[in-house]
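This report refers to the structure that appears directly beneath it.
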Protein chains: 2
Amino acid sequence: MKVGGLLASAGINIGLCVLFLSLYSILRKQPQNVKVYFGRRIAEENNRLRDAFILERFVPSPSWIVKSLRCTEDELLATAGLDAVVFNRILVFSIRIFSLAAILCVFGILPLNYFGQDMHHVRIPSASLETFTIGNMQERSRWLWVHCVVLYIISVAACVLLYSEYKHIARLRLCHISRSTSNPSHFTVLVRGIPKSSTESFNKTVQSFFTKYHASSYLSHQVVYKVGKVQKIVSGAKKVYRKFRHFKGTKVDQRCRSITFQCCFCGASSNSFQLLPIDFEQEESEKPDVNDSSLSLPDEECGAAFVFFKTRYAALVVAKILQTSNPMRWVTSLAPERDDIYWSNLWLPYKQIWIRHIATLLGSIVFMFIFLLPVTFIQGLTQLEQLQQRLPFLRGILKKNYMTQLITGYLPSVILQIFLYTVPPTMMLFSTLEGPISHSERKKSACCKVLYFTIWNVFFVNVLSGSAISQVIALSSPKAIPMQLARAVPVQATFFTTYVLTSGWASLSSELMQLFALTWNFIRRYILRMTEDDFLYSFPYHTEVPKVLLFGLLGFTCAVLAPLILPFLLLYFCLGYVVYRNQFLPFQFLNVYCTKYDTGGLYWPIAHNTTIFSLVLAQIICLGVFGLKESPVAAGFTVPLIIFTLLFNQYCRKRHLPLFKTFPAQNLIDMDQEDQQMGRTEDLNERLHSAYFQFPDTDDIPLEGVHTNSRDKDGSGTCGESSRKENADDDPIDVLSHPTLDRLPVSQLRNVVRSLSSILRPQRRELPV
Amino acid sequence: MKVGGLLASAGINIGLCVLFLSLYSILRKQPQNVKVYFGRRIAEENNRLRDAFILERFVPSPSWIVKSLRCTEDELLATAGLDAVVFNRILVFSIRIFSLAAILCVFGILPLNYFGQDMHHVRIPSASLETFTIGNMQERSRWLWVHCVVLYIISVAACVLLYSEYKHIARLRLCHISRSTSNPSHFTVLVRGIPKSSTESFNKTVQSFFTKYHASSYLSHQVVYKVGKVQKIVSGAKKVYRKFRHFKGTKVDQRCRSITFQCCFCGASSNSFQLLPIDFEQEESEKPDVNDSSLSLPDEECGAAFVFFKTRYAALVVAKILQTSNPMRWVTSLAPERDDIYWSNLWLPYKQIWIRHIATLLGSIVFMFIFLLPVTFIQGLTQLEQLQQRLPFLRGILKKNYMTQLITGYLPSVILQIFLYTVPPTMMLFSTLEGPISHSERKKSACCKVLYFTIWNVFFVNVLSGSAISQVIALSSPKAIPMQLARAVPVQATFFTTYVLTSGWASLSSELMQLFALTWNFIRRYILRMTEDDFLYSFPYHTEVPKVLLFGLLGFTCAVLAPLILPFLLLYFCLGYVVYRNQFLPFQFLNVYCTKYDTGGLYWPIAHNTTIFSLVLAQIICLGVFGLKESPVAAGFTVPLIIFTLLFNQYCRKRHLPLFKTFPAQNLIDMDQEDQQMGRTEDLNERLHSAYFQFPDTDDIPLEGVHTNSRDKDGSGTCGESSRKENADDDPIDVLSHPTLDRLPVSQLRNVVRSLSSILRPQRRELPV
């Protein structure tokens, strides 16, 4: 590929980017799209704009960029959660390290490579891109030490930056824990694998176990119920009811809105809080005996329960200590937050989990290898000669110069990109089958799977099989791998550069534009004529984190060998920084994405490990290249660098990783003691009883509205409750969602259905239809 | 190699074995060797025999075998500890599975292999051993399904047996914990990485930390002191003093002996308890303030302390929970038992440990590869043609038939054996450098290293490089490994058979004979004319466990392919069962080996994992062989077997392994509650203060005497104390071992030395010289 081809590709992409950004800055001002880019609240404020024609609306403006850059980390943390901050730090890290790398490599290594051989240099636009790679250096060149020194500087700088980021995020994580004083999940332990007893209900078993062994700290518990058929009928009826109510229109809506305004920041719609009347709940917790006697049918409970403790430390202790001599029973772990729980996995028998893990692991590996087929075919497109041999009818078309440039520079990565779109949903499916108990765990697991997949299929397969269309993978000899990588990476650098242009830049623009959401909004609004406002997804970390990390990998591996990729990459990261921050912005986040759950910064260890892997891979490839170029000094100096990087990683694992796996006792005890001094303990313990109520959410409607986000702000928890109280007797139908319903005999059920329909009937009369 | 050669080798070894066993049964009756095979106590009882000449002494008798077999598992557990039981179970498992395998393979597969090809069969003694391997089967033979079925039966039987053993040992481990009610290590947490404070001593820091965060359960603590130079001088002086006292002869000795008799079972010599006067200790614990003020020099303390808790559960909790936000500080773990502690590693800074781990890992890997050189040379000896080419002068010698048989059948494994003797000490050295805090941990780590080493160097190197003298290792292609293994294992089975004969049988005999100890005893008695009785080593699990597991590996891999090895192997395991039980026997163990420390059954997971590895390896090799023999059905059926075995292993990891990593809360809480009900808590807590006193043992003399073995028997702990009290004011010199001595100014030190010599002088006058 020539420099001209690259520039053509860059041109196309820059054009597309500018187009998308301008479109975005126009579209976001259009009232009909306000739901895509902003929230309901803002939509209302903008009501005055709805029908007026203002010229300003159709002029692109860069104000959103300024706003996006002005947002501080604390704001980001407060609104979008720790995961967003971590994602932001990954981008910051990438920008820092690749700025340094770009300066060093473009001004230090690029000229060296270009003038590496005594040759006749053609005009730069028609120069082959390979003259800019290390492949152009002469063997035994005395300038190879420059490459080695630059590799040293980049590696050491990366390690220093990584360490400071790790430290920073670990500190943030601790602050995050310390600040969330009212978080009920800190007091709650999820117990699974509760043994079935023929004489006692689960309820009794749990109670007797914890009163016997953890009497001093045990508070209460709540058994998880399996959703039965009746529950499904009721939730179906509830949905119907909600639809009817929706048609009733303005009255209900406005009341909801007023409450949303009242709690102001979390943007909770009242729907989620009126589902369960508070007095019913209290009644239940006050009469445990009645409840127990009614729970005589063990089939409907499943072997899982939430157990509440008086202090955070007690909960942590119970969660971390092996409870009984059978490790498959009484399995304890800290409970996820209420909104984070993946209910339908809670009633999986714990004994299945290990086999599900293995099965999904195997499944994803198989998927990884089946995916090879289209990738290897696509890779062949970059090699025109082979393509012409295989498909002779193309010869005519390929003779034209611009077609060649288009095909080699642009098409392969677009096709690859389209195939890659199927990956995250598949991996998410695998992760769901694995049986995680929380949404965040599922997303994190999917993130890892997508990451391995991407690195394997985009990087390794391209590098290892890129040289021949027929060769699938040549993993025949491990010793030869560094050499083969060393030979292939500089050659494939061109492909990676175009990949950055197409996949990177274009995906950023489409992320900003929310193309899918926009299209969907358009279809709904103008074709389906729906007005319900259901635009709330959580941020797709499982696609974006692997994407950014893959570009980091490409950057590290190509930096010294083919520095031409770096400016494009740096641009990508800068653009990404602006775009993603924009998506996370305080006023933005509530609507583009909502943060219903948060892993608490667990994406950072993934990013750290991947970066270390990229560094070591880059060093190994350089070692191979120095070996090929017969420079024993440079190769010799690379070996200690690899060892140093691995040691650094090991140190980080020892020093920081444990904080991401558990909470330190000191902090939790400090919090507990502070609570006690402030006299908050009673209050907190009382709130726990209702914190994990199961049924309001079994008809899982992620698009329905944001639930109480009690994560960062003490206020939001109470605001959720206030709205719940206000709407307590609003929905008589929701009384039915109580678990006892599942155990009613058929005759009583009929009565329930009758009364249900009697409630619904008068409302239907009010319908505007 | 011919059957005759194998029989010659077997003959030599059987002869040697019978000789050794007879010698043992004679030697053990000789009064002068009584110290080698029996203890002091028995030696005294046998005094009447000392000079009498009795014919019975020189007649071999099998009574010891009967005694060895009669010993029950409970007896073994009570005297030799859980590790001995685990070792015994490994042998029992091997005998069971290889009995089955031997029956199936010798009667089912051996005839199939022998008549596998239409060929002229020579007389069996001169038949090549290879006619008995699967190599003799025809390709596409319809009898290969028999091999596959036998492989299935062996694998399933092995899994069933492994599972029941795992369950049994896990149960034993729990019983072992529950029974040791007075074990102070259950109440004690070892804290390392205590942060240095400029204003406070470690003592104060520890106290304030634990009173702040674990006030309800914290009892007291004890800082670990670093042994300084003065301490070394004092302990040197103490040794000299002890020597002098030794020369004083009978008087002191007999007094010691009377005390030993008093505590009867643990066989403790009084030496170990008179080192520190009890009242001094009490004085210290009563006046912590005096102590603190004297501890103002922080250099002499190190960042480690034993912290005692009121209950076992509290100690477990503190040990398992991450304490602070810096995982390198306040690192907690359950303390090893007093006699198990490796003191000199306690004052290593915790920050170093991770790098020591890596360094020793690298060190042992390098050692593993350097070791290849002699092994590959030795392997060449089995290939006579190549040897004759290389060393032409040997040609004359090698023409003689018996020489050929000797060299091919016997010599290679003897030389390998001699080289292998250097391995355990080296690995032990590596494990020491690693920084383990207990002797048992060190031995376990050495065991793993020796195991990997043995499997790699005895099995893989022989198999992979066995075919050519010049070829070091051909690890060039991972895909080809199963095929190469499949080709090489049947060929190398001959070597492995002779290896079982020489290394296995001979090492068992020498283990029983205690050749080293016997020789040393002889040298000491008749050449050096020493009479001190220093024959107390703990059982070398780090050499014996890998040996047994390696034979298991050889058995599994060769069973189906070359069944001729199985009878020899089975004989080895049976012999080993008798011999090792004999070494562990109640009256024996006190003297041949003493159990000063115990891992609590942690060798079993190692054995389990190795057995699973062996099984899977055997299955992979069979897969390769079936592939080579072009039997797709047999090969196809082997794949699910591999998957099943791996799944089984994963299940065991989930089901049983956690019990070997921690203690279950339920059991500990039950024990705590029982203590409270019985009113034992006070008593236990009081004893804790003195349980981990550091200095009596800093001049680590493992041969000096058995310390209080408070593991299984409640009585022994008190017996140790009683002897300590009796000898409290016996050794004035031992007052000096107190840590404060290390901080004395030079002038006072001189005074100490003067008074020291004044004590010593009158005693020297009493010397019998």
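Heavy-atom basis, side chains included; hydrogens, waters and symmetry copies ignored. Below, read A as the first sequence line, B as the second, and so on, with proteins coming before strands; counting in each chain starts at 1.
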Between B:Gln650, B:Arg653, B:Lys351, the one whose heavy-atom pairs under 4.5 Å with chain A are most numerous:
B:Gln650
Please walk me through it: do A:Thr662 and B:Ile321 pass side chain to side chain contact (heavy atoms under 4.5 Å, CB included)?
CA-CA 8 Å; A:Thr662 179; B:Ile321 301 285; 5.7 Å; no
Answer with side chain, backbone, both or neither: which region of A:Lys212 has an atom nearer than 4.5 Å to a non-hydrogen atom of chain B?
both
Euclidean distance, B:Thr324 OG1 relative to A:Asp670 CG, rounded to 0.5 Å:
11.0 Å
Shortest non-hydrogen separation from A:Pro327 to B:Pro658 and the atoms involved:
CB-CG, 3.7 Å
Selection from B:Trp354, B:Tyr313, B:Trp330 maximising heavy-atom pairs under 4.5 Å formed with chain A:
B:Trp354
Okay, A:His357 and chain B: the region with an atom under 4.5 Å from a heavy atom over there is neither
Top of A:Leu174, A:Asn326, A:Leu668, A:Val318 for chain B proximity - count of heavy-atom pairs under 4.5 angstrom
A:Asn326
Under 4.5 Å from a heavy atom of chain B, the part of A:Leu647 involved
both
Using a cut-off of under 4.5 Å for heavy-atom pairs, which of B:His214, B:Gln323, B:Met328 has the most such pairs with chain A?
B:Gln323
Could you look at A:Leu316 and say if it's the side chain, the backbone, both or neither that has a heavy atom under 4.5 Å from chain B?
both
Options B:His656, B:Lys320, B:Lys654, ranked by heavy-atom pairs under 4.5 Å with chain A, top entry:
B:Lys654
How long is the straight-line distance from CZ of A:Arg655 back to CZ of B:Arg329, given to the nearest 0.5 Å?
8.0 Å
Judged by atom type as modelled, is there a donor-acceptor pair below 3.5 Å linking the side chain of A:Gln666 to the main-chain atoms of B:Tyr213?
no
Side chain, backbone, both or neither of A:Phe663 within contact of chain B (heavy atoms, under 4.5 Å)
backbone
Find the distance between CD1 (B:Ile358) and CG (A:Leu646) and round it off to the nearest 0.5 Å.
8.5 Å
